[in-house]
Amino acid sequence: MTVVTRFAPSPTGRLHVGNIRTALHNWLLARRHGGAFLLRIDDTDAARSLEEHVVAIRADLAWLGLHPDAEERQSARFGIYQAAFERLIAAGRVYRCYETQGELDLRRKVLLSRGLPPIYDRTALALTEADHAARAAAGEAPHWRFLLDHDTPITWTDGIRGAQHFDPRQMSDPVVRRADGSWLYMLPSVIDDIAMGVTDVLRGEDHVSNTATQVQMFTALGAAVPRFAHAALLTGSEGKLSKRLGALGMAEFREAGVEPEALIALLARLGTADPVDATIDADGLAAAFDLSRFGRAPARFDDAELDRVNAGVIHRLPFARVANRLPDGMDETAWLAIRPNLARVAEAADWWQVIKGPVAAPECDAETRLFLNQAAAVAATLDWAADPWGALTTALKEASGRKGKALFLPLRQALTGMDHGPDMKALLPLIGRDEALARLRC
Ligand code: GLU
């Protein structure tokens, strides 16, 4: 059986790292098994779903390189939900209710005050057809609940959490459809998972209790239950679920200079005991993706770790991936020379300025000035097509008796205006003969 996974965001807001992690897990699993990764837009809630969010979701996934094999929209599938719903009515697995929110709240309070679990008492199940007719005549429309099968314990083997067991008697029959005919999340999701042949549902552990209900919905609709796995949630550096983390969208990461490959590398491993490598090989991550590596403890999303991975990723990015973000004229040789020194791609502009000049001449004493003039004289005689830095420093070591820092630092300072930076061997040919001579004759 081929693997089919799906990412099912509700377009009621922007994607944050938690959503993206879920999308990534589903993409990795499908990729690992040569299966399909679907994007399902859960837009049954017409009032809260916005087209701008749908557009942003697609753009964020594209930026991350998580390209779906197909896209579906729940708002286009109401006919399919209606047909499945009628089957559930015929099978007696959904029933009509009329309680107001106020009534339900009151009943909950009473149960809780008696120390009882606040489970819906199924009062509406006792209504007769005459009762329903009377309600209808009074202009009252029902909402619908799914009738849990109390006699069948709910179990599944979770890909991350292991054996799961729920007692349906301890659960309320969930409302699946509102009085205005609109759908709640729970049932359309199951109908879609069946229709789309979804084999694996990977999502956050905030959905575990939904899964308990949905397992019975699959069965009620005559379908096999897919494999489920629920990842522990992400926490912020401060060790608790952070508002800041929830507010971080892909736009913020992009603006902060975070590369999509860095987010992918980090989020693919966060929550496992495996090291986070600064890889740009998403297929390699997919090949190694293994749900059994995930633990049940919350996974800590750490900005410092993201920065470390981001730098490592940048040090591997090929020229073609960044060419359109580099300063005009900066070629592959220059990129490869400065890449190891970048924490953000945007910093390439600073090093391009160092290469092209002008650079600030350092303050230097008479002795250093003499040394630099000596360097300029040697540099003028070199073959600049070969390795001018190697030749220059070898000749100067001999001629001046200097070595180590005393040899290299004044040269670097004069040639770049900085104390540190990319390997001079790579940088000096980029600065070029004439510019280098001018900088040494300070
Ligand atoms: N739209 C649901 C959500 O965003 C989907 C949950 C699921 O994966 O089934 O929470």
Side-chain angles (χ1 to χ4, degrees), residues 3-30 35-51 53-54 56-58 60-61 66 68-78 80-81 84 146 154 156 158-161 164 166 174-178 182-218 221 223-234 241 245-247 249-250 267 291 294:
V3 164
V4 179
T5 66
R6 87 297 195 279
F7 173 49
S10 307
T12 53
R14 298 180 319 158
L15 299 181
H16 54 70
V17 271
N19 309 131
I20 286 299
R21 181 168 176 249
T22 299
L24 175 64
H25 289 167
N26 282 283
W27 184 86
L28 289 168
L29 190 73
F37 165 67
L38 313 180
L39 170 61
R40 189 185 80 200
I41 303 292
D42 280 6
D43 57 351
T44 54
D45 187 339
R48 292 179 59 229
S49 298
L50 292 182
E51 198 55 30
H53 294 314
V54 176
I57 287 167
R58 288 190 197 118
D60 285 347
L61 291 177
L66 305 181
D69 296 297
E71 181 183 315
E72 302 282 354
R73 289 184 80 128
Q74 290 199 318
S75 57
R77 301 174 55 80
F78 290 143
I80 295 164
Y81 305 150
F146 176 77
I154 297 166
W156 76 91
D158 195 282
I160 293 175
R161 299 165 63 85
Q164 301 291 297
F166 283 78
V175 175
V176 292
R177 201 168 187 182
R178 300 185 190 89
S182 65
W183 299 98
L184 281 101
Y185 148 76
M186 206 81 87
L187 184 59
S189 179
V190 171
I191 296 168
D192 284 343
D193 286 339
I194 296 169
M196 294 167 197
V198 170
T199 58
D200 294 81
V201 176
L202 265 72
R203 51 191 183 185
E205 66 179 11
D206 50 331
H207 280 288
V208 169
S209 59
N210 287 341
T211 300
T213 303
Q214 287 178 322
V215 161
Q216 284 213 350
M217 291 180 175
F218 280 99
L221 287 164
V225 179
R227 287 181 289 265
F228 280 96
H230 297 84
L233 299 183
L234 287 183
L241 277 174
L245 211 55
M250 295 313 106
L267 293 176
L291 287 176
F294 284 82

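Since we're looking at a predicted model, the values are computed, not measured. The figures that follow rest on heavy atoms only: side chains count, while hydrogens, waters and symmetry mates do not. Counting starts at 1 for both ligands and their atoms, in listed order.
- Within ligand 1, counting atoms from 1 as listed, the ones closer than 4.0 Å to a heavy atom of Asp42 are 1 (N), 2 (C), 5 (C).
- When atom types are taken as modelled, the side chain of Gln214 and the backbone of Met186 share a donor-acceptor pair closer than 3.5 angstrom.
- Distance alone, capped at 3.5 Å, is enough to place a donor-acceptor pair between the Asp158 side chain and the His230 backbone.
- The protein non-hydrogen atom at the shortest distance from atom 10 (O) of ligand 1 is His207 NE2, 3.0 Å.
- Among all protein heavy atoms, the one lying closest to atom 5 (C) of ligand 1 is Ala8 O, 3.1 Å.
- Arg6 counts as a contact of ligand 1, since one of its heavy atoms falls under 4.0 Å from the ligand.
- Of all protein heavy atoms, the one closest to atom 9 (O) of ligand 1 is Tyr185 OH, 2.5 Å.
- In terms of modelled atom types and a separation under 3.5 Å, the side chain of Asp200 and the main chain of Thr5 share no donor-acceptor contact.
- In this structure, the side chain of Thr199 engages the main chain of Val4 through a donor-acceptor pair within 3.5 Å.
- Looking at Ser189, its side chain never comes within 3.5 Å of a backbone N or O of Tyr185 through a donor-acceptor pair.
- Ligand 1 places these atoms under 4.0 Å from at least one heavy atom of Ser189: 9 (O).
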